[in-house]
Each structure stands twice: as structure tokens, then as C-alpha cells.
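What follows is a single structure, written as C-alpha cells, with notes after it.
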Amino acid sequence: MAKPQYRFCVGPWNFSEGRDPYGPETRAAQTFDWKLEALKQLGFDAMMFHDDDAVPDIESKSAAQVLKEAKELKKRLDGEGLVAEMVAPRLWFAPQTVDGGYTSNNKKDRQYAIDRSRQTIDIARVLGTDLIVLWLAREGTYVRESKSGARSTELLVEALDAMLAHDKKARFCIEPKPNEPMDHAYVPTIGHALALAHLTRDPKRVGALIESAHAILAGLDPADEIDFAMTFGKLWSLHLNDQNGLKFDQDKPFGSSNLRVAFNQVRALERNGYGKKGEFVCFDVHPFRTTKETHFLKHLDNSRKTFLKLVEKARTYPTKEADALIADRNYQDLDQLVIEHLLGK
Ligand code: XUL
Ligand code: MN
């Protein structure tokens, strides 16, 4: 098995119950305590949170109450020997975010998004993490003429600046996704995220989170996205999963659809030393709708299994042979070398 360079993380939403737009849940909901225990049993190291995963019904609670509950959660995590990897503001559920969070056409609603993000930063501080993840879910349009792309870019920078000013230590990871729920999102790729970072008041504290499925939905190779972000020293978190082409966001187990694409992601992580600065490998995966309750944790365990097997494959890759084929421009046999290495003896 691979050397323990990697530490693993999942979120409470990854124990999902099977609801889709066409049918209800197929598994009973489990409590937060059950999920925490399951995560521990599986030997994962961290949990990632939306603000309202950390403090349920957050909107009905006073700021003081929210922080009190965050402190209680921190105690629970400490007691279990787990850490909080990040906190993300859920800016896609409330009525104020129907037209977007930071890019809403309504000024009051934009303020709601910024205030809620500031509160997320306060929660993260209490939970002992400096990492805030921004999945810019509704920062886009259904009708392109309804917003200006240029104005939206300015509004995103203004929002990031307000967050950067709120806490001088917090770091912000933009998680790009090209579509769903929107027709077109304003920050569809890592290149967009890093370009946006450079317009902010403190570019050093704005980085990225790559999700495999999101990169595939953008028609990109997630391994290239990883290499690109890591060349800038900007990959601070990661959501590994899989996606079978241009469909709805599938969040399949890592390697489920395309083992070779998964292998190349692992190679990119290894090549760039992901995890060496304490970054976590998170699996943003969901059980298939058909999954029985008795198999509730398989997608998590299997994703990690596949990941660790691919780490072995990356570490035993026949580099010399591959280099000789590259020098000879024999990409035909290089292709076969990779296939046979993945198939094993
Ligand atoms: C949505 C998605 C989110 C983020 C966290 O596609 O991936 O779960 O990872 O807000
Ligand atoms: Mn994700």
C-alpha cells in the first residue's frame, strides 16, 4: 500500500439518500453522529462542511448561537480525533440567492451573500481551519442577457475583497464548475479562478479546488487542471470523483467511468507533491441511487481503495521505458505501455 502521504476527507452530504429530480430518497437519512462515526470507522481524517452542515438551521439562529454551536462541534471533532478541512457558504438554497449570490441583480441579496460568507469565515475560524471553499453555484445565468459578464466579474472581485478583509488569515478556494444548476457559470475552469484571484486585494490568499467531475463537464482533462493549478502553487483542496461525459453532475466513485483519466490525476498529484503541505484528498462522491442502506459506505471506501491502488500504479510506472518511447516519438507503444501497466500482469 501507498506511503501515508495522503489524508482523506468527505462531507456529510456524501452520505446522500438517493433523491433525484425524478424520484424520492431510496435510503433513510442518517444522523450527523452516525456519519461522524462512519467516517471514523472508515479511517478518514477530516470532514468538510457547508456552513449549515456545521450549524443546522443556521438562518434561524443568532450570530452568537451560531458560534456557540460551532464551538460545540469543534469539541466533538477534537474528541473524535478529526479535523474540519474547510467550510463553504451554501449560497444556493435561500430565497435571497435565486438570482445568484455575489452576482445577483438585487443589491440587498448580494449583501446577504457577503454577510453569510463572512459568517462562514467566523465558523471556520472556530473550527480551526483557514480554508473557505466557494462553489459559485448560482453565479451565472439561465438567460445570458439578464446579467453583464463584465459587471459580474467585478462583483465577484468585490465579494472576494470583502471576505479577504474580514479575516486576514483566511484562504479562499474557488471550486469551478461550468454548469448545473446554471446554464453557464461565470467561473467555469481553474484558469478563470486563478485569473479572478489576481484581481483581488490579496491574490496570495485566493486559490482553487478542483473537482474531477466539474473539469470533465467543462470538456477538460482534470489532470491538466491539477498540473496547471499546482504550477501556480494554488491547489489547496481537491474533490476526486468521476463523471461519464457531458451529463448531469454524477459524482461517481473515483475511477468509476475512466480509470485512465483517474490514473493521470493521481500521477499529476504525485508529480506535484499534493498533500505535502497538509492538503487533503476529499471524495465528493455519492452512492448510486440503487445502493442499499447496508452498502451505504461503499462509494467512500471504494474511492479511497481505487485512489491508493492508482498511487501504487503511479509509483511503479515504468518511467525509463516510457522515456525511451517518448525519445523515439513512439507514442503508439507508449499508449500500449500505459494500458498494460494499468491492466497489470
Ligand atoms: C457541487 C459541489 C459542492 C461543493 C461544495 O457540484 O461539488 O458539493 O463541493 O459546496
Ligand atoms: Mn465538489
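Indexing begins at 1, ligand by ligand and atom by atom, following the structure's order. These values consider heavy atoms only, across backbone and side chains, with no hydrogens, waters or symmetry-generated copies.
The Mn ion (ligand 2) does not have Cys282 among its coordinating residues (no N/O/S atom, backbone or side chain, under 2.8 Å). Counting backbone and side-chain atoms alike, Glu211 contributes an N/O/S atom closer than 2.8 Å to the Mn ion (ligand 2).
Residue contact annotation: Val133 has no non-hydrogen atom under 4.0 Å from ligand 1. Ligand 1 does not have Met48 within reach: every non-hydrogen atom of the residue lies 4.0 Å or more from it. Assignment of Trp92 to the shell around ligand 1 is supported, since a heavy atom sits closer than 4.0 Å.
The Asp284 neighbourhood of ligand 1 comprises atoms 2 (C), 3 (C), 7 (O), 8 (O), 9 (O), with distances under 4.0 Å to a heavy atom of that residue. Listed by number with element, the atoms of ligand 1 under 4.0 angstrom from any heavy atom of Asp249 are 6 (O). Ligand 1 places these atoms under 4.0 Å from at least one heavy atom of Lys177: 6 (O). Against a heavy-atom cut-off of under 4.0 Å, His239 is close to the following atoms of ligand 1: 9 (O).
Between Arg76 and Asp33 there is a salt bridge, with a side-chain nitrogen of the basic residue lying less than 4.0 Å from a carboxylate oxygen of the acidic one. Between Glu25 and Arg19 there is a salt bridge, since at least one side-chain N of the basic residue sits less than 4.0 Å from a carboxylate O of the acidic one. We find that Arg267 and Glu270 are not joined by a salt bridge, their nearest charged nitrogen and carboxylate oxygen being 4.0 Å or further apart. Salt bridge status for Arg205 with Asp130: absent, with no side-chain N to carboxylate O gap under 4.0 Å. Salt bridge present: Arg125 and Asp122 bring a charged side-chain N and a carboxylate O closer than 4.0 Å.
Ring to ring, His50 and Trp135 are not that close: their centroids are 6.0 angstrom or more apart.
Counting just the N/O/S atoms of Asp284, the one with the shortest distance to the Mn ion (ligand 2) is named OD2. The atom name of the N/O/S atom in His239 closest to the Mn ion (ligand 2) is ND1. The N, O or S atom of Glu175 with the smallest distance to the Mn ion (ligand 2) is OE2.
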**Study point:** side-chain hydrogen bond (donor to acceptor under 3.5 Å, both in side chains) between Tyr102 and Ser117, worked out
**Key:** CA-CA 10 Å; Tyr102 314 125; Ser117 306; 2.7 Å; yes
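A pairwise comparison of heavy atoms in Arg27 and Arg289 identifies NH1-O, 3.6 Å as the closest pair.
For atom 5 (C) of ligand 1, the closest heavy atom belonging to the protein is His50 NE2, 3.3 Å.
Residue contacts with ligand 1, taken as heavy atom pairs separated by less than 4.0 Å, do not involve Leu209 at all. Only the side chain of Glu175 comes within 4.0 Å of ligand 1, judged by heavy-atom distances. Counting heavy atoms closer than 4.0 Å to ligand 1, residue Glu180 contributes nothing at all.
Taking CD of Gln30 as the start and CG of Leu36 as the end, the distance is 13.0 Å to the nearest 0.5 Å.
For the side-chain contact (heavy atoms from CB on, under 4.5 Å) test with Asn14, the passing option among Met48, Met47, Lys35 is Met48; the others fail.
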